[in-house]
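Working notes for the structure below.
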Number of protein chains: 2
Amino acid sequence: MAEVAEDPEDISESPAAPGSHGLHETSSGPQSKKRNAFAELMAPKPKAPKPDAYSGRSSAGARSPSHKNSRGKTTKLKWSGALVEYIDHPDRFPQQVIRVTDKTVLIRDAFPKATVHLLLLPRSPAHHDLHPHQAFEDRDFLAMMRDEAASAARLAAAELKRKLSTFSASSKARNEAMDKGVPFDQLPEGRDYLSDIRIGVHAHPSMDHLHVHIISCDMHSDKVKHRKHYNSFNTPFFIPLEDCPLAEDDERRKTSFQNANLSKGFVCWRCGQEFGNKFAELKRHLETEFEQWKKE
Amino acid sequence: MAEVAEDPEDISESPAAPGSHGLHETSSGPQSKKRNAFAELMAPKPKAPKPDAYSGRSSAGARSPSHKNSRGKTTKLKWSGALVEYIDHPDRFPQQVIRVTDKTVLIRDAFPKATVHLLLLPRSPAHHDLHPHQAFEDRDFLAMMRDEAASAARLAAAELKRKLSTFSASSKARNEAMDKGVPFDQLPEGRDYLSDIRIGVHAHPSMDHLHVHIISCDMHSDKVKHRKHYNSFNTPFFIPLEDCPLAEDDERRKTSFQNANLSKGFVCWRCGQEFGNKFAELKRHLETEFEQWKKE
DNA sequence: TATTCCGATAGTGAC
DNA sequence: GTCACTATCGGAATGAG
């Protein structure tokens, strides 16, 4: 089991104060002002007054991903292609982008399915349009992504700690011991947040561009609204990065296997309880599990 | 086409003031005070605070049809058997019961599917448990029911007139001519409300006891909430009393025909427009048709 | 082809 | 296996001092 001994970089979610963390490689400058150009595109739509049919335009709805081309015409973007915007223009999304390197961009998932949910995006055009099964056959690329993902997971664990430690019994024990001056090597372990972070890809990603999920295991999110939201992370449809590249004959390559998993009955990630097709019951159960899990 | 030349008995809906119309054969007396015993049973449940699981009892919910037997034990009644209460104890339901004779009880449908919606219930135990197809093979019984239904339809037409005449162009024309002293035989016709009243039974009734619907054609009611609510009155599933008794080989006797009609796409009763399975669109359309129809 | 509540499912639109 | 909205479809309960 890996441990989180150090206290890694903070990735607080507060609105990006200019230069607050200084992790961006690309410059921002005046673009900071129009940072919402795409960020808001994918954000949940604010509750708007019910649109009377044929009434005027809505006031504050989210926009679908579009941009003006060189002649000023508006062009539709495929929704499944949206991630490339983060790859090509990470500076435009200071609130979403956590870290940028030559090779990767690390962002927050716009619709997080758990308490912490990040996406690691490779920037290499030679790889980022490939299906993960194919891209990860490049062992150098895979090694790079594993390193970056491991780093991202430490960030995620730190974020998780920031969000949960006030509830955590084991964190509290360690902190109290520390306050009492207990020598470092005699401190209780404290909570291993990294062990609750999972790294992997979907067997059949819905977004065109290669992305690795770095996600806490709790599935506690109001963005978990459908069967596939849950099952894509809690069945073999979720492929740990460690399993990559998949063997040629791995059943997870088969569409039938993927569909079968996505349509399975629900099983609690923590206690294994089955909920059949009763999504609402699962959701209520996840609430209670979350309350317990927080306190570990 | 039948006409409504006279102004038949009023059947106003206001809470039954004792003796206000004097149509009841059976006495009321002290029972008027406990008249809600069954009336409220079938009434829509008032909005109650969302019941938190395992929270206390709800405050004012409707009750299901039950009664105490001789030993004071509560007995569940089948929901489909509820109409017999009106037949056996019409005096208990002064608000619902419009007219009582030796042979029939005329009531308001507890969940009216149109502006006017009455039910004619035969009291004869020899008939009221039979399927309509069988009961109406007794020609004397059928003749009696037709007479009673025709009378009920005149009441319904009068009720419809009471509700609509303030909107009706043809009623207005007739009234204005009358005010001007136009001779009776030269008055414009006025609106024929009776022609908008339909009399019939369902091909397969859901309630156990024989009942004939006397219903205005508009289907304008917030109690029309489901496909079958609409289609049971607007497909051959609805059998005009004139068609009774059905021939031995009439297709409307076949369950498959009945089911096929109940699951048909929606067709506007007035303009014939089709709405497929889009119930909500049908409902919106019915609103606009009602506005037009009122003004005829 | 009782009503009602709740919830699962299905189709659509997004510039 | 985008999200969010609307609407359709499906089961279960329906009592009670």
Side-chain angles (χ1 to χ4, degrees), chain A residues 41-48 50-51 53 58 61-68 73-83 109-111 202-208 223 225-229 231-233 237 255 258-259 261-263 266 276-284, chain B residues 41-48 50-51 57-58 61-68 72-83 109-111 113 131 201-209 211 223 225-229 231-233 235 237-238 255 258-259 261-263 276-283:
Chain A
L41 303 186
M42 301 299 287
K45 186 180 291 189
K47 272 277 191 286
K50 175 172 274 187
S58 65
R63 287 159 198 154
S64 58
S66 65
H67 71 99
K68 310 211 171 191
K73 289 261 188 147
T74 296
T75 303
K76 275 181 224 178
L77 294 182
K78 271 187 69 184
W79 293 91
S80 59
L83 291 179
D109 192 292
F111 302 91
H202 283 157
H204 184 84
S206 62
M207 302 296 276
D208 291 344
K223 297 300 188 301
K225 294 178 176 177
H226 304 293
R227 181 190 301 272
K228 290 169 184 176
H229 290 161
N231 280 354
S232 66
F233 288 100
F237 190 92
T255 299
Q258 295 163 4
N259 289 336
N261 276 288
L262 289 176
S263 56
F266 301 109
N277 297 332
K278 295 176 178 175
F279 183 76
E281 281 188 22
L282 169 73
K283 288 287 287 182
R284 285 187 288 266
Chain B
L41 303 186
M42 301 299 285
K45 188 179 290 191
K47 272 275 191 290
K50 176 172 270 185
R57 67 196 119 183
S58 66
R63 287 154 200 160
S64 61
S66 64
H67 70 101
K68 309 212 171 187
K73 287 263 189 142
T74 297
T75 305
K76 279 180 211 169
L77 293 182
K78 270 187 69 185
W79 295 92
S80 58
L83 291 179
D109 192 294
F111 302 91
K113 302 301 190 292
H131 194 287
V201 297
H202 284 158
H204 185 84
S206 62
M207 300 298 273
D208 292 344
H209 296 86
H211 55 286
K223 296 301 189 300
K225 294 178 176 176
H226 303 293
R227 180 190 302 273
K228 289 169 184 176
H229 290 161
N231 280 354
S232 65
F233 289 100
T235 67
F237 190 92
F238 185 82
T255 299
Q258 296 162 4
N259 289 336
N261 277 289
L262 288 176
S263 56
N277 297 332
K278 294 178 179 175
F279 184 76
E281 282 187 21
L282 169 73
K283 289 287 287 182

Minimum side-chain heavy-atom gap A/K225-A/K283 below 4.5 Å: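 No - every pair of side-chain heavy atoms lies 4.5 Å or more apart.
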
Contact check, side chains of A/N231 and A/K228, non-hydrogen atoms, under 4.5 Å: no

Base of D/dT14 and ring of B/W79 stacked, centres under 5.5 Å, planes under 30°: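 Stack criterion met.
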
Compare every heavy atom of [Y] with every heavy atom of [X], then report the nearest pair and how far apart it is.
X: A/A203; Y: A/Q258; value: O-NE2, 3.5 Å
X: A/M207; Y: A/A82; value: CE-CB, 3.9 Å
X: B/H211; Y: B/H209; value: ND1-O, 2.7 Å

Can you tell me which nucleotide in [options] comes closest to the side chain of [X]?
X: A/R227; options: D/dT8, C/dA8, D/dA4; answer: C/dA8
X: A/S206; options: D/dG1, D/dT8, D/dA4; answer: D/dG1
X: B/A280; options: D/dA4, D/dA7, D/dG1; answer: D/dA7
X: B/K113; options: D/dG1, C/dT3, C/dA2; answer: C/dT3

For [X], answer base if it contacts any base atom (sugar-phosphate contacts may also be present), sugar-phosphate if it contacts only those atoms, and nothing otherwise; contact means non-hydrogen atoms under 4.0 Å.
X: B/S80; answer: nothing
X: A/H204; answer: base
X: A/H229; answer: sugar-phosphate

B/H202 side-chain N/O to B/F237 backbone N/O, donor-acceptor pair under 3.5 Å: no

Nearest-nucleotide comparison on DNA chain D, the residue closer to the 5′ end among B/K278 and A/K228: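 First, find each residue's nearest nucleotide; the 5'-ward one identifies A/K228.
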
Separation of [N] [atom2] from [X] [atom1] (nearest whole Å):
X: B/F279; N: C/dT9; atom1: CZ; atom2: C1'; result: 18 Å
X: B/L83; N: C/dT3; atom1: CG; atom2: P; result: 11 Å
X: B/K283; N: D/dT6; atom1: NZ; atom2: P; result: 18 Å
X: A/K223; N: D/dC3; atom1: NZ; atom2: P; result: 10 Å
X: A/H226; N: D/dT2; atom1: NE2; atom2: C1'; result: 10 Å
X: A/F111; N: D/dG1; atom1: CZ; atom2: P; result: 12 Å
X: A/E281; N: D/dG10; atom1: CD; atom2: P; result: 20 Å
X: B/L282; N: D/dT8; atom1: CG; atom2: P; result: 9 Å

C/dA2 to D/dG17 separation - P atoms, rounded to the nearest Å: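 Rounded to whole Å, the distance is 28 Å.
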
B/K278, NZ: over 12 other non-hydrogen atoms inside 6.0 angstrom: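 No - once you tally the heavy atoms of other residues, nucleotides and ligands closer than 6.0 Å, there are 12 at most.
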
Distance test, side-chain N/O of A/K225 to OP1/OP2 of D/dC3, below 4.0 Å: no

Phosphate-side-chain proximity, A/R284 and C/dC6, N/O vs OP1/OP2 below 4.0 Å: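 A/R284 to C/dC6 OP1/OP2: no side-chain N or O under 4.0 Å.
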
Paired stretches of DNA chain C - 3 or more consecutive Watson-Crick or G-U pairs, each distance under 3.5 Å: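 Stem segments, range with range: C:2-14 with D:2-14.
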
Residue pair B/L262, B/R227: steps toward the side-chain contact (heavy atoms from CB on, under 4.5 Å) verdict: CA-CA 7 Å; B/L262 288 176; B/R227 180 190 302 273; 6.0 Å; no

